Amino acid sequence: MSYDQRLAQRVREALEAQPGVAERQMFGGLAFMIGGHMCCGVTGDDLVARVGPAAYEAALRRAHARPMDLTGRPLTGFVYVGPKGTARRASLRRWVDDALRFVRSLPPK
């Protein structure tokens, strides 16, 4: 399992004020769970952001975002964000906040 440790630490810092955060190995990388739901993660040097189906198309129009495709079929609601899309603290924060917004809308597990 290989993922960008520095990016993972930056995501940890972005989520540090959130209750119920857990880390789990997933998708060949590291996933950050909020209340049992996957919120975001790091695979290779990409951020994985779970933005949800309603925000999916808009997220794909943002710079450095692309569909999350593990098996030849994109996972609707999940996007990969390349390193340039998370290089700035504000850019990473926006992706993490978008993922938090969606996960908070889900029913509790």
Side-chain angles (χ1 to χ4, degrees):
M1 178 172 314
S2 176
Y3 59 88
D4 184 331
Q5 296 286 334
R6 184 174 173 273
L7 179 57
Q9 183 58 37
R10 292 175 61 220
V11 173
R12 281 184 197 101
E13 291 167 5
L15 292 171
E16 68 187 354
Q18 300 302 313
V21 176
E23 295 181 21
R24 182 178 299 165
Q25 294 180 0
M26 191 180 292
F27 301 124
L30 183 65
F32 293 89
M33 314 293 285
I34 304 286
H37 296 286
M38 183 184 171
C39 176
C40 55
V42 180
T43 300
D45 59 358
D46 291 328
L47 176 74
V48 177
R50 184 178 186 187
V51 296
Y56 181 66
E57 292 299 326
L60 288 176
R61 288 191 294 271
R62 290 170 56 186
H64 312 292
R66 66 186 190 284
M68 182 177 178
D69 182 349
L70 298 173
T71 62
R73 294 176 57 200
L75 288 170
T76 302
F78 290 82
V79 295
Y80 284 131
V81 183
K84 289 183 180 179
T86 59
R88 291 180 35 238
R89 179 182 290 176
S91 299
L92 175 63
R93 184 80 230 179
R94 181 175 174 204
W95 283 110
V96 170
D97 286 347
D98 290 348
L100 282 168
R101 189 174 307 108
F102 174 70
V103 169
R104 286 186 189 129
S105 75
L106 298 173
K109 281 195 167 192

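Computed from a prediction, not measured in an experiment: that's the story for all the values here. The analysis underlying the following values was restricted to heavy atoms, covering all of them including side chains, and did not include hydrogens, waters or symmetry mates.
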| request: Taking the side chain as every heavy atom from C-beta outward, state whether Leu106 and Arg50 have any pair of such atoms under 4.5 Å apart. | output: yes
| said: Tell me the closest heavy-atom pair linking Val79 and Ala59, and the distance in Å. | reply: CG1-CB, 4.2 Å
| message | Using side-chain hydrogen bond (donor to acceptor under 3.5 Å, both in side chains), reason through Arg12 and Gln9 one step at a time and then give a plain yes or no. | response | CA-CA 5 Å; Arg12 281 184 197 101; Gln9 183 58 37; 3.2 Å; yes
| Given side chains that start at C-beta, do those of Thr86 and Val11 come closer than 4.5 Å, heavy atoms only? | no
| Rounded distance [0.5 Å steps], CE in Met68 versus CG in Leu75 | 5.5 Å
| Roughly how far apart are Asp45 CG and Gln5 CD, rounded to 0.5 Å? | 13.0 Å
| note | Nearest heavy-atom contact between Pro67 and Tyr56 is CB-OH, 3.4 Å
| Distance, nearest 0.5 Å, that separates NE2 of His64 from OG of Ser91 | 8.0 Å
| task | Looking only at non-hydrogen atoms, find the nearest pair between Cys39 and Val103 and report the distance. | result | CA-CG2, 3.5 Å
| query | Could Asp97 and Arg94 be called an ion pair, given the rule that one side-chain N must be under 4.0 Å from one carboxylate O? | reply | no
| field | Heavy-atom closest pair, residues Met26 and Ala31 | value | CB-CB, 3.8 Å
| Min side-chain heavy-atom separation Val48-Tyr80 under 4.5 Å | yes
| task | Go through the steps to decide whether Arg89 and Glu13 satisfy the test side chain to side chain contact (heavy atoms under 4.5 Å, CB included), and finish with yes or no. | result | CA-CA 10 Å; Arg89 179 182 290 176; Glu13 291 167 5; 5.6 Å; no
| query | Short question: side chain of His37, backbone of Pro107 - any donor-acceptor pair under 3.5 Å? | reply | yes
| Counting heavy atoms not belonging to Arg66, are there more than 12 under 6.0 Å from its CZ? | yes
| message | Once rounded to the nearest 0.5 Å, what's the spacing between atom OG1 of Thr43 and atom CG of Asp4? | response | 11.0 Å
| Rounded to the nearest 0.5 Å, how far apart are CG of Asp98 and SG of Cys40? | 11.0 Å
| message | Do Met38 and Phe32 have side chains that approach each other closer than 4.5 Å (heavy atoms only, starting at C-beta)? | response | no
| remark: Residues Pro83 and Asp46: closest non-hydrogen pair is CD-OD1, 3.8 Å
| query | What's the spacing between Trp95 CH2 and Leu47 CG if we round to 0.5 Å? | reply | 8.0 Å
